[in-house]
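Following: one structure in structure tokens, then a few remarks.
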Amino acid sequence: MNLRHLDLNLLRVFDAVYRTGSNTKAGEELGLTQSAVSNAIRRLREHLNDPLFERSNGVYGATAEAHRLAPVIRDALKTLEQTLAPGAEFDPGSSSRRFSMIIPDPIELLIMPPLIREVTENAYGVVFDLYPMAGASPVKDLLERKVDFAFLPNPVLEDNICSDYLFDDDAVVVVRRDHPLLGNLNELTKEDMARVGLVTLTDEMRKMTHLEHELRAARVNRRFVVTVSKLSSIPNIVATTDLAGALPLRMAEDVAKRFDLKLLPLPVDRPTHHWNMIWHEAAREDEALTWLRGRICALFADN
């Protein structure tokens, strides 16, 4: 790339469009009109002799060259920001920083309410963009600097990716406390699992969990009555029907009182999940990301 005739502000626009996937969202982040963003991308296309972003089958996506350039440009911009403001500490009260996270339902339920309360009570200007696990590629998106953090049930052994251990978690079955079949039980058998109707996740989401493989390996028959796309839908359905559902233990404990649910152990032995927050090693040099890491880790300090 010949920098002699390149307006470096175009790289900021490229970075914002690449991360947000939208000229409109990039403009909102940078304080520019959509036409100004489009014009900047046009100038950068001419300079680099590459379309950078194209629309295919209704989807606006980056080209192979844009994918190659994105992490390099992101790191370069971060380095400039840190160099021009040496030693500056992050102040959430005067910042409008947007934090992006790939976050599954059980983690969202545990960390977002206290984070939002802290932001609201202290009048912080920070904003959170949350993305679901379904269809996501957490490690790839972190390496390409599309998101700041992701949460997975195990650490990741990958160059440039770091992990913070948060907590251990198991799975349990939840039913309404006065359930006609299971309300008086303290444990479940495989036969109990086979005869009760279940609310479950989509096939795609179930196959992402260790629990699905373990139940199949143990030959536990199940009767699925309702399929939902989010774990957070399960408590309300279970509380108002005779169905049962499986939830992570911490999430189940959090919703049990609100929905008057009973927790029952699964009829199989299974390994414990070790939830970790994963992030790009470059986050070490970002005061804002260091602040958010600290806030999230503090929520699980007892572990």
Side-chain angles (χ1 to χ4, degrees), residues 1-85 95-103 125-150 152 156 158-162 278-289 292:
M1 181 187 296
N2 182 0
L3 295 179
R4 185 175 180 182
H5 302 293
L6 177 65
D7 180 353
L8 296 184
N9 285 314
L10 302 184
L11 301 183
R12 294 182 63 242
V13 176
F14 168 87
D15 174 66
V17 173
Y18 184 85
R19 285 186 291 101
T20 63
S22 164
N23 285 8
T24 301
K25 291 180 180 179
E28 292 173 353
E29 180 177 305
L30 298 173
L32 299 174
T33 64
Q34 184 176 354
S35 60
V37 172
S38 298
N39 184 55
I41 294 299
R42 178 188 59 77
R43 291 170 59 196
L44 194 58
R45 282 172 174 151
E46 293 172 354
H47 188 89
L48 299 175
N49 194 30
D50 187 87
L52 297 177
F53 303 99
E54 298 177 307
R55 190 171 296 279
S56 176
N57 297 323
V59 178
Y60 189 60
T63 65
E65 179 66 3
H67 282 309
R68 184 184 72 84
L69 291 172
V72 178
I73 291 174
R74 178 95 284 267
D75 286 341
L77 290 173
K78 287 290 185 184
T79 299
L80 280 172
E81 291 169 1
Q82 293 154 13
T83 302
L84 294 175
S95 173
S96 58
R97 177 70 175 265
R98 301 188 77 93
F99 296 108
S100 56
M101 298 184 280
I102 296 174
I103 185 166
V126 300
V127 179
F128 300 100
D129 294 325
L130 308 181
Y131 303 102
M133 284 290 296
S137 302
V139 175
K140 179 175 179 291
D141 289 346
L142 282 169
L143 289 173
E144 294 178 358
R145 311 299 298 281
K146 290 183 178 179
V147 297
D148 297 319
F149 298 106
L152 294 175
V156 173
E158 177 87 26
D159 289 345
N160 302 319
I161 296 294
C162 303
I278 64 172
W279 40 280
H280 195 287
E281 65 176 2
R284 296 183 191 278
E285 308 303 323
D286 187 319
E287 292 288 345
L289 296 184
L292 182 56

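Just so you know, these numbers use all the heavy atoms, side chains as well, and skip hydrogens, waters and symmetry mates. For clarity, every value in this text was computed on a predicted model and none was experimentally measured.
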Is there a side-chain contact between [X] and [Y] in this structure, where contact means two heavy atoms from C-beta onward sitting under 4.5 Å apart?
{"X": "L292", "Y": "F128", "result": "yes"}
{"X": "F53", "Y": "L44", "result": "no"}
{"X": "D129", "Y": "V147", "result": "no"}
{"X": "Y18", "Y": "E144", "result": "yes"}
{"X": "L48", "Y": "L69", "result": "yes"}
{"X": "P51", "Y": "E65", "result": "no"}
{"X": "R98", "Y": "D148", "result": "no"}
{"X": "I103", "Y": "F149", "result": "no"}

Closest non-hydrogen atom pair between [X] and [Y], with its separation:
{"X": "G27", "Y": "V37", "result": "CA-CG2, 3.7 Å"}
{"X": "R97", "Y": "A288", "result": "NH1-CB, 3.0 Å"}
{"X": "P132", "Y": "I102", "result": "O-CG2, 3.9 Å"}

With rounding to the nearest 0.5 Å, note down the distance linking [atom1] in [X] to [atom2] in [Y].
{"X": "T20", "Y": "K146", "atom1": "OG1", "atom2": "NZ", "result": "11.0 Å"}
{"X": "R45", "Y": "T63", "atom1": "CZ", "atom2": "OG1", "result": "9.0 Å"}
{"X": "L77", "Y": "D15", "atom1": "CG", "atom2": "CG", "result": "5.5 Å"}
{"X": "D286", "Y": "H280", "atom1": "CG", "atom2": "NE2", "result": "12.0 Å"}
{"X": "I41", "Y": "L10", "atom1": "CD1", "atom2": "CG", "result": "8.0 Å"}
{"X": "I73", "Y": "L11", "atom1": "CD1", "atom2": "CG", "result": "5.0 Å"}

*Go through the steps to decide whether E281 and D159 satisfy the test side-chain contact (heavy atoms from CB on, under 4.5 Å), and finish with yes or no.*
CA-CA 9 Å; E281 65 176 2; D159 289 345; over 6 Å; no

*Before accepting this row, confirm whether a basic side-chain N of the pair R42/E46 lies closer than 4.0 Å to the acidic partner's carboxylate O.*
yes

*Salt-bridged, R68 to D50, with N to O below 4.0 Å?*
no

*Report the C-alpha distance between R284 and C162 in whole Å, list the side-chain angles of each, state the deciding distance to 0.1 Å, and finish with yes or no for side-chain contact (heavy atoms from CB on, under 4.5 Å).*
CA-CA 10 Å; R284 296 183 191 278; C162 303; 3.4 Å; yes

*Given the rule in the side-chain contact (heavy atoms from CB on, under 4.5 Å) test, do Y60 and N23 qualify, once you have shown the distances and angles that lead to the verdict?*
CA-CA 10 Å; Y60 189 60; N23 285 8; 3.3 Å; yes

*Without hydrogens or angle criteria, can the side chains of T33 and S35 be said to hold a donor-acceptor pair below 3.5 Å?*
yes

*Go through the steps to decide whether L32 and V13 satisfy the test side-chain contact (heavy atoms from CB on, under 4.5 Å), and finish with yes or no.*
CA-CA 9 Å; L32 299 174; V13 176; 4.1 Å; yes

*Is it true that atom CZ of R12 has more than 12 heavy atoms of other residues, nucleotides or ligands lying nearer than 6.0 Å?*
no

